[in-house]
Amino acid sequence: MSESLFSDASQRLDEALAYASISEEAIERLKLPRSSLKVSIPVRMDNGELRIFPGYRVRYDDTRGPTKGGIRFHPDVSIDEVQSLAFWMTFKCAVANLPFGGGKGGITVDPKSLSPFELERLSRGYIDAVADFIGPDVDIPAPDVYTNEMIMGWMVDQYGIIKRQIAPAVITGKPLTMGGSLGRDKATAMGAFFTMEATLPRLGLSGSPATTTVAVQGFGNAGAIIAELLFNAGYKVVAVSDSQGGIYRREGLDIPSVRQFKDSTRALKAVYCEGSVCNAVDHETITNEELLALDVDILAPAALENQITASNARDIKARAVYELANGPTTPEADEILRGRDVVVFPDILVNAGGVTVSYFEWVQNRQGLYWTLDEVNQRLKQKMVEETERIWDIAQTQGISQRTAAYVHALNRIGDAVQAKGTKSYFTGGGD
């Protein structure tokens, strides 16, 4: 999977290079990560056993600033996957015009198999191993798959113990009481919502939210929140799913009730709740594959990578796909969808709300001045709408897809940063 991820990301880059204004030196810089770190993390388990977990951190490119990216805990984490995700983060930060490069980290572990005490020891052990590799001006981690604000809290506390200083800006996505930002917990979904609201009129889908149907694959943090944001805005969310499967109701789902039931029982079921009492309503049980093929206006993949592939892309009936997950659509699927006039809004734009509010958190930590939720959301909306409109215009002007336009936008910014430091053309007075 990881090799495929990097291959897919590189292929998207190659397509964009034909339309970008970028020097050969800038391209050369993007071929390899700036630095990679592999570590071993010893953890004393609750039963007295010692286990060693492999951990990783990659700083891919810091041309535009310190690297930024999450830490994921997952059994499939590898150095290749982390490198691929750090590569993606480089472009995501450039798309959002943040003063960051791309980084990523992870531990190969099934966090569901650990007790809370074991999870804390693992989290602190990771920081013990990478403390000299990260820092507020070097590399700033954040939450990712199966990590959360409590884990970030343990990590920033451990960093402070090691460095003998209070350094909240070293990690974002922290608890509010430790310097976290209001709005960070919903930022990925909120950013996606602003992108949707900015582009749906251009697709002819803004007439009435009540008649605009939505299917969300993945009912985790981002998926559940985008489903509720859309529901509250009047859109008809007809299907959602998690790793066990999905539910579909043509009349629409009551998303707040579905979330309440899922939070209390860990089961996904179409319900309507009044207070703490939830009653089931008529619905169909579907697979994740069946959800992807539903006849809806908007499809929002918010689960894992490589969900829409060459084998199922022809089954997609949605008018538009908004990628909340990283890499849910393969390059082969992209071509098929474009040939069928399905507009795909790419991950490096749609889910950039998370890293954007992480940037806001970093800024607030360094200033010691904290913003209200309204201020955070207003700044996020301004940035997401501004970059969405720029990418839309590039796509229309160049006659290219939204994904290629997003990479062109990012490449131009990275190229400008490389150029500002001097390239062959400056030092020799000639061309690259």
Side-chain angles (χ1 to χ4, degrees), residues 1-2 35-59 67-86 89 103-136 138-180 184-185 188 220-222 243 266 304-305 326 354-355 358 361:
M1 180 185 68
S2 53
S35 52
S36 302
L37 181 66
K38 299 180 183 180
V39 298
S40 298
I41 307 164
V43 176
R44 184 68 62 183
M45 310 303 283
D46 292 344
N47 64 1
E49 175 190 0
L50 180 70
R51 289 182 60 189
I52 308 295
F53 296 90
Y56 314 95
R57 188 71 191 174
V58 173
R59 301 200 304 252
T67 51
K68 186 82 185 73
I71 300 169
R72 63 174 50 185
F73 290 0
H74 195 276
D76 295 331
V77 166
S78 67
I79 187 61
D80 294 322
E81 181 189 42
V82 171
Q83 176 177 304
S84 300
L85 295 168
M89 283 300 300
K104 208 75 175 184
I107 301 174
T108 308
V109 60
D110 177 7
K112 297 179 181 179
S113 69
L114 302 184
S115 73
F117 292 112
E118 292 167 342
L119 191 62
E120 180 182 4
R121 289 194 286 271
L122 178 67
S123 303
R124 291 181 180 274
Y126 179 81
I127 295 301
D128 287 342
V130 305
D132 293 332
F133 198 75
I134 64 175
V138 180
D139 180 37
I140 306 115
D144 198 78
V145 175
Y146 290 127
T147 54
N148 55 30
E149 66 173 28
M150 177 170 285
I151 290 173
M152 296 304 107
W154 290 331
M155 289 184 172
V156 76
D157 181 61
Q158 189 66 21
Y159 184 85
I161 291 171
I162 294 167
K163 299 294 183 178
R164 296 183 179 274
Q165 60 183 244
I166 304 299
V170 69
I171 285 175
T172 60
K174 307 177 296 293
L176 291 176
T177 53
M178 300 181 72
R184 176 61 184 85
D185 56 339
T188 300
N221 185 41
S243 59
R266 303 183 67 85
L304 295 174
E305 301 91 352
N326 286 317
V355 70
S358 276
E361 181 177 332

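- Looking at heavy atoms from C-beta onward, Arg59 lies in side-chain contact with Val138 at the 4.5 angstrom threshold.
- Side chain to side chain, Ser358 and Arg184 meet the donor-acceptor criterion of an N or O pair below 3.5 Å.
- Under the side-chain hydrogen bond (donor to acceptor under 3.5 Å, both in side chains) criterion, Lys163 pairs with Asp132, sequence neighbours left out.
- Put simply, the side chain of Val58 reaches to within 4.5 Å of the side chain of Ile79, judged on heavy atoms.
- Checking side-chain atoms of Lys174 against main-chain N and O of Pro168 turns up a donor-acceptor pair under 3.5 Å.
- Here the closest non-hydrogen pair linking Ile151 and Thr147 is CD1-CA, 3.8 Å.
- In this structure, the side chains of Arg72 and Glu81 come closer than 4.5 Å at one or more pairs of heavy atoms.
- Atom CD1 of Ile162 has more than 12 heavy atoms from other residues, nucleotides or ligands within 6.0 Å.
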- Give the intermediate values and the outcome of salt bridge (charged side-chain N to carboxylate O under 4.0 Å, His left out) for residues Asp128 and Arg121. CA-CA 10 Å; Asp128 287 342; Arg121 289 194 286 271; over 6 Å; no

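- Considering every non-hydrogen atom in both Glu361 and Thr172, the closest pair reads OE2-CA, 3.2 Å.
- The environment of Tyr146 atom OH is sparse: at most 12 non-hydrogen atoms of other residues, nucleotides or ligands sit within 6.0 angstrom.
- A salt bridge between Glu118 and Arg51 is absent, with no side-chain N of the basic residue lying under 4.0 Å from a carboxylate O of the acidic one.
- Side-chain contact between Ile127 and Asp157 is absent, with no heavy atoms from C-beta onward closer than 4.5 Å.
- Taking CD1 from Ile134 and CD1 from Ile71, the interatomic distance works out to 6.5 Å, rounded to the nearest 0.5 Å.
- Counting heavy atoms from C-beta on, the side chains of Thr108 and Val77 come closer than 4.5 Å.
- Rounding to the nearest 0.5 Å places CD of Gln83 at 9.5 Å from OG of Ser78.
- What you find for Ser40 and Ile52 is that their closest heavy atoms are CB-CG2, 3.7 Å.
- Counting all heavy atoms, side chain and backbone alike, Tyr159 lies closest to Ala131 at CE1-O, 3.6 Å.
- Remark: His74 NE2 to Lys112 NZ distance equals 8.0 Å, nearest 0.5 Å.
- A distance of 8.5 Å separates CG in Leu119 from CD1 in Ile107, rounded to the nearest 0.5 Å.
- Shown here is Met178, whose CE atom has more than 12 heavy atoms of other residues, nucleotides or ligands within 6.0 Å.
- Here the NZ-OG distance, from Lys104 to Ser84, works out to 11.5 Å after rounding to the nearest 0.5 Å.
- Looking at heavy atoms from C-beta onward, Gln158 lies out of side-chain contact with Ile171 at the 4.5 angstrom threshold.
- A donor-acceptor pair is defined here as one N or O able to donate and one able to accept, closer than 3.5 Å; such a pair exists between the side chain of Tyr126 and the backbone of Tyr56.
- With hydrogens and angles disregarded, a donor-acceptor distance shorter than 3.5 Å links the side chain of Lys68 to the backbone of Ile140.
- The closest side-chain heavy-atom distance from Asn148 to Pro143 is not below 4.5 Å.
- Contact record, Pro141 with Asp139: CD-O, 3.5 Å, taken as the closest heavy-atom pair.
- Residues Val82 and Gly106 come closest through the heavy atom pair CG2-N, 4.2 Å.
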- Query: Should Phe73 and Leu114 be marked as a side-chain contact (heavy atoms from CB on, under 4.5 Å) after you check the CA-CA gap, both sets of side-chain angles, and the distance that decides it?
  - Reply: CA-CA 11 Å; Phe73 290 0; Leu114 302 184; over 6 Å; no

